[in-house]
Chemist: 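Input: one structure, supplied below.
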Amino acid sequence: LRQEGIAKIEACTSTKELQDVRVLYLGKKGPIQEVMKMMKDLSPEEKPKFGQQVNEIKQLLASKIEEKKVILEEKEVNEKLINEKIDITLSGLKPNLGNLHPLIMVQQELEDLFIGLGYEIAEGPEVELDLYNFERANIPKGHPARDMQDTFYIDADRLLRTHTTAVQMRVLEEKAPSLPIKVVCPGKVYRRDDDDATHSHQFTQLEGLVVGEKIRLSDLKGTLELVAKKMFGDDKKIRFRPSYFQFTEPSVEVDVSCHICGGKGCPTCKGTGWIEILGAGMVHPNVLSMAGYDPKTASGFAFGIGMERVALLKYGIDDIRHLYANDVRFLKTFSRFE
Ligand code: PHE
């Protein structure tokens, strides 16, 4: 009985089998109970000895079962650890990362430059009052200069701003008569243009305004030279051509030396070596006085950059509509610039 029990315990390969063996040998119906039944046929002298022997076997088997249980449990835990192991060296799924839109890249680069020069960034409403979009910019009602910027009117006094000059007029009014003012105003503007490769009824500008005590045209030139170098490369030059805006006098059109041919002449610059990038000028005395400044002591410059135009030139994009179509295949190509 003893040998048989020990062999059965040894043969167990799982705690479950071991439990069955325990029930068999230590439970109410099993070989040990069978042997105990034989007690009644023994003489009174033999009984205690027999009982003692059976009990010894029982205790021996119980302790063997305990020993085996510890071994099997450990084995099962180890197996579980191996089977349920997670391979943490396996690389995870890569989320599909987006990248910045080319217009946002241009805006951030320009903002970085101007913040570095001590400018503040100012924003204003896209639904604007005629007052700030036109009147304060020295473009009174009925003036033919209004036709230069075909406007979406909402009612007699309100419109979709045609330039962020409107934000500059708000800043001027707010700050007057304190000096100096140094702001750039990025944002969307709207004009009743037919959409084509170079025109869009909605586009984005970044306009700048500096007003101080002795601000001169040469300050404007130095500032815009930095813009040209930052956007198109350190070897770029700029030049001024006379132009006309109601709110600046004198007004200039600013060209940058062609970034494709370096000034020799190519199709992009139509053989001239120069590319027009923005309009600018010295703030008109009327604009200063309407906002509450004395044009005898305060002077300033302003410039307006069309960010789409910069993006098209800088990244060699041939159609402005690509910037709004949001075709992921197009947008993905800009991840290399980040
Ligand atoms: N507001 C002008 C435009 O939208 C640009 C500009 C800004 C010109 C400031 C001169 C000075 O065309």
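Since we're looking at a predicted model, the values are computed, not measured. Counting convention: from 1, in listed order, for ligands and their atoms alike.
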Chemist: Quick one: do Glu120 and Lys182 make a salt bridge, cutoff under 4.0 Å?
Modeler: no

Chemist: Does any part of the side chain of Glu276, heavy atoms only, come nearer than 4.5 Å to the side chain of Arg241, both counted from C-beta?
Modeler: yes

Chemist: Is the shortest side-chain heavy-atom distance between Phe114 and Val227 below 4.5 Å?
Modeler: yes

Chemist: Need the ligand 1 atom indices (1-based, order shown) with element for anything under 4.0 Å from a heavy-atom of Phe303.
Modeler: 7 (C), 9 (C), 11 (C)

Chemist: Would you check whether Thr165 has a nitrogen or oxygen atom less than 3.5 angstrom from a nitrogen or oxygen atom of ligand 1?
Modeler: yes

Chemist: Numbering the atoms of ligand 1 from 1, which are under 4.0 Å from a heavy atom of Phe247?
Modeler: 1 (N), 2 (C), 6 (C), 7 (C), 8 (C), 9 (C), 10 (C), 11 (C)

Chemist: If you count the atoms of ligand 1 from 1 in the order shown, which ones are under 4.0 Å from a heavy atom of His163?
Modeler: 1 (N), 4 (O)

Chemist: Taking the side chain as every heavy atom from C-beta outward, state whether Gln107 and Glu111 have any pair of such atoms under 4.5 Å apart.
Modeler: yes

Chemist: If you apply the rule side-chain hydrogen bond (donor to acceptor under 3.5 Å, both in side chains), what do you find for His322 with Asp327, and how did you get there?
Modeler: CA-CA 8 Å; His322 286 315; Asp327 183 328; over 6 Å; no

Chemist: Any side-chain heavy atom of Leu1 sitting closer than 4.5 Å to one from Gln53?
Modeler: no

Chemist: From Phe203 CZ over to Thr198 OG1, what is the distance, rounded to the nearest 0.5 angstrom?
Modeler: 11.5 Å

Chemist: Would you call Gln205 a ligand 1 contact, heavy-atom distance under 4.0 Å?
Modeler: yes

Chemist: For atom 1 (N) of ligand 1, what's the nearest protein heavy atom and its distance?
Modeler: Glu207 OE2, 2.8 Å

Chemist: As an exercise, identify every atom of ligand 1 less than 4.0 angstrom from a heavy atom of Gly279.
Modeler: 6 (C), 8 (C), 10 (C)

Chemist: Consider every N or O of Thr248 and every N or O of ligand 1, then say whether any pair is closer than 3.5 Å.
Modeler: no

Chemist: Show me which atoms of ligand 1 lie under 4.0 Å from any heavy atom of Ala280.
Modeler: 8 (C), 10 (C), 11 (C)

Chemist: What protein heavy atom lies closest to atom 12 (O) of ligand 1? Include the residue and the distance to one decimal.
Modeler: Arg191 NH2, 3.7 Å

Chemist: Of all the atoms in ligand 1, which lie at a distance below 4.0 Å from a heavy atom belonging to Ala302?
Modeler: 9 (C), 11 (C)

Chemist: Do His163 and Phe247 come close enough that some side-chain heavy atom pair is under 4.5 Å?
Modeler: yes

